[in-house]
There are 2 protein chains.
Amino acid sequence: MPTSKDVAQAAGVAQSTVSYVLSGKRPISEKTRKKVEAAIEQLTYQPNAGARALASRKTRVIGLVIPFIPELEMGSIMEFVSVIASTARQFDHDILLVTDDEGAAGLRRVVGQQICDGLILMQVEDEDERLPVARSLHVPVVLIGIPRDPSGLVCIDADFEMAGEHCVRDLAAAGHSVISVIDWQPAVMDRHVNYVDRFLHGTDVAAKALGVTVLHLPGGTDRATISESVDKALASTTGNPAFIVPDRTIQDILRRDLSGRGLTLGLDVSVIGSASPTLAELQPIPLSTIDLRPAEVSRRAVKIMCQLLESDSQGPHESLELVPTVITHRSSTLRPQ
Amino acid sequence: MPTSKDVAQAAGVAQSTVSYVLSGKRPISEKTRKKVEAAIEQLTYQPNAGARALASRKTRVIGLVIPFIPELEMGSIMEFVSVIASTARQFDHDILLVTDDEGAAGLRRVVGQQICDGLILMQVEDEDERLPVARSLHVPVVLIGIPRDPSGLVCIDADFEMAGEHCVRDLAAAGHSVISVIDWQPAVMDRHVNYVDRFLHGTDVAAKALGVTVLHLPGGTDRATISESVDKALASTTGNPAFIVPDRTIQDILRRDLSGRGLTLGLDVSVIGSASPTLAELQPIPLSTIDLRPAEVSRRAVKIMCQLLESDSQGPHESLELVPTVITHRSSTLRPQ
DNA sequence: CACCATCGTCGATACGCATCGATAATTCGA
DNA sequence: TCGAATTATCGATGCGTATCGACGATGGTG
């Protein structure tokens, strides 16, 4: 592998000159620049990352802490990961994976060894054991998700409260007076990610404001639980029933249950779910969805991180950004009256 | 951040001694070792990765090239990524993400900058533009998937041919004389990943050996295509029909189509699909599946990579490893006669 | 024409660790 | 008891880059 010294020799200049051509931190004459650039091209020179990190104290790598195989909803996690990685490249950074099975020690490790300049944490829980560590690390940390106490932390997430409000508002506008919200599956509820509460709170707020009734019913990945919840929902209204089902795994089960009862989506009953546009369109009856904008959340997380890295101000930062959600009505909801 | 020099000072030894305590490459007396370890503990010293890489010419980082958001089957990709990352940690390595939108240039970049010691490529296609680059890089490369010409390359993948054979064999044993294989969705077929051919070939081989008929029918993510394929399948047999549906997205559509025709899985018709055990069990009629062992493939890919890195022999390696697949019969297939 | 600011480049040094050769301390055999 | 063979440790050097101070060349000003 050629080094900057080789380049310097080939171009007939000093090594420091090569460095300045690359960084642009000092003026270089057009002639010299050309010579150096030609030599770089010639030798296919690429700067050594380790040496660069050692000298500049910047690795240009961001650590991404991914959840510990939650078995379900892996697809949506991958969307975050993928977008985060390519956005990072746009800011001339790379992504190092940190799996959550290393726990908080993993964070200390990658920061301590100075493998990366900052950390992005996914799936932040209400009382997350990683938070005290995150606060004590002397590198920027961006959380995707909002813990109970976000003080001293930089957080970003979809605006779940707005999402809940919009779902109820639109269903109310379609004439539903009783709206059933099916909880996430127990595995998610147990994790105490507080977007659940924010979403449910949003539905309550809208319900109060609009004078409609919102029912919170248990979710589950077995048909019995869902069937029971549907029973309760049907018993509670004389009009057309409406369901909000933010958990992707539960959607299929609910749809099957409803059609088993002879109810037709968009005709007798409204259902708002959550899925990628592609998947939503693929359904027998295209599903109306609330889009939680994972790609946009990912992009902004990286952007915030890179801004923090540039401004490299040592002081503790604190901010909270909510990404607006979007409802798309397809065919599974009644038309507004 | 403390350095090894700080540790040396605290322990009253030379910096090189600290280094030898850490690496074990020279004998150290018990007394000195204790002193140094105490100082390390005391200062919470962690070696600087950049300096280490610079001096040792090893980064202990593996580049993982992930597919460019194929929109579908992201869940299964995440399983690879997750297992690869944690397995790498077991071998004391880290994973750097390289997104495929950088293309072959991305590979040159991370290797040229010496950000990582080797590369793992996912979703290798038949004629992959990255292969010539992979062969020319002077670092170990492990492919997940098998290109048309694997010469000079180290490949690992699930044994799709065996998978195809086993599916046909078991369905034949259950009394089916005509077996329909539904292709992957067009998006996958177009990508020319050759596991498709290997799987289909496996079904043909078994069919010939057992004297049963295998029909290859088009797949698709729309109900019309699937419905047509089912029509053809039903028209081709007087006995109970049997389906093999390796594409996860298509499974739901097929199941719905069949039940719409009044056919009951495991009673009137056999279906073998592909899904994680958890998901398979969740179905109304638990799905018999062919398990392509993504976790095992991932683990072995990392293991092979780490072996290559240790033996750091420069010469071009070449190997091909196939991971046996496993059929699990649940309730969607007829009992063997 | 002398003087000073600016521009462009060079040389030297630091970054933190691994590693090699050398040296001091110890042990062993004859 | 002396030298040889170990054993344990130190000092010095190199890895490749960024960056700082210095210096010669250039151009403008009075």
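Just so we're on the same page: letters track the sequence lines, and every chain starts at 1.
Against DNA chain C, the stretch residues 10-21 of chain B makes heavy-atom approaches under 4.0 Å through Gln15(B), Ser16(B), Ser19(B), Tyr20(B).
Legend: residues meeting salt bridge (Lys or Arg N to Asp or Glu O under 4.0 Å) with Glu30(A), ordered by chain and number and at least two apart, are Arg33(A), Lys34(A). Residues satisfying the side-chain contact (heavy atoms from CB on, under 4.5 Å) test with Ser29(A), not counting sequence neighbours, are Lys31(A), Thr32(A). Under the side-chain contact (heavy atoms from CB on, under 4.5 Å) criterion, Arg135(B) pairs with Leu131(B), Asp149(B), Ser151(B), Leu153(B), sequence neighbours left out. Shown here are the salt bridge (Lys or Arg N to Asp or Glu O under 4.0 Å) partners of Arg148(A), two or more places apart in sequence or in another chain: Asp126(A), Glu127(A).
Listed by first then second residue, pairs satisfying salt bridge (Lys or Arg N to Asp or Glu O under 4.0 Å) with a partner in residues 80-92 of chain B read Glu102(A)-Arg89(B), Arg60(B)-Asp92(B), Arg89(B)-Asp92(B), Arg89(B)-Asp94(B), not counting sequence neighbours. Listed by first and then second residue, the salt bridge (Lys or Arg N to Asp or Glu O under 4.0 Å) pairs involving residues 8-28 of chain B amount to none (not counting sequence neighbours).
Per the geometry, CD1 belonging to Ile28(B) stands 16 Å off P belonging to dT26(C), to the nearest Å. If you take CG of Asn48(A) and C1' of dC15(D), they are 8 Å apart, rounded to a whole angstrom. The CD-P distance, from Gln113(B) to dT17(D), rounds to 11 Å in whole Å. In this structure, NZ of Lys5(A) is placed 14 Å from P of dA18(D), rounded to the nearest angstrom. Between Lys35(A) atom NZ and dG8(C) atom P there is a gap of 14 Å when expressed in whole angstrom units. Rounded to a whole Å, the CG atom of Leu54(A) is 14 Å from the P atom of dC15(D). Atom-to-atom, CD of Gln9(A) to P of dG16(D) comes out at 14 Å; the value is rounded to the nearest Å. The distance from atom CD of Gln114(B) to atom P of dC15(D) is 13 Å, rounded to the nearest whole Å.
Looking only at atom types and distance, the side chain of Arg52(B) has no donor-acceptor partner in the side chain of Gln113(A) under 3.5 Å away.
For Arg57(B) and dG14(D), the shortest distance from a side-chain N or O to OP1 or OP2 is not below 4.0 Å. Note on Lys25(B): a side-chain N or O is less than 4.0 Å away from OP1 or OP2 of dT19(C). The phosphate of dT17(D) has OP1 or OP2 within less than 4.0 Å of a side-chain N or O from Ser4(A).
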Tabulate below the donor-acceptor pairs under 3.5 Å that side-chain atoms of residues 36-45 of chain A make, not counting sequence neighbours, or state none.
none

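Residue-to-nucleotide proximity on DNA chain D shows that, of Lys31(B) and Ala55(A), the 5′-proximal contact is made by Lys31(B).
To the nearest 0.5 Å, the span separating CD1 on Ile62(B) from CD1 on Ile95(B) amounts to 4.5 Å.
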Which pairs, protein N/O on one side and nucleotides 22-27 of chain D N/O on the other, fall under 3.5 Å?
none

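Within 4.0 Å (heavy atoms only), Pro47(A) reaches sugar-phosphate atoms of the nucleic acid but no base atom.
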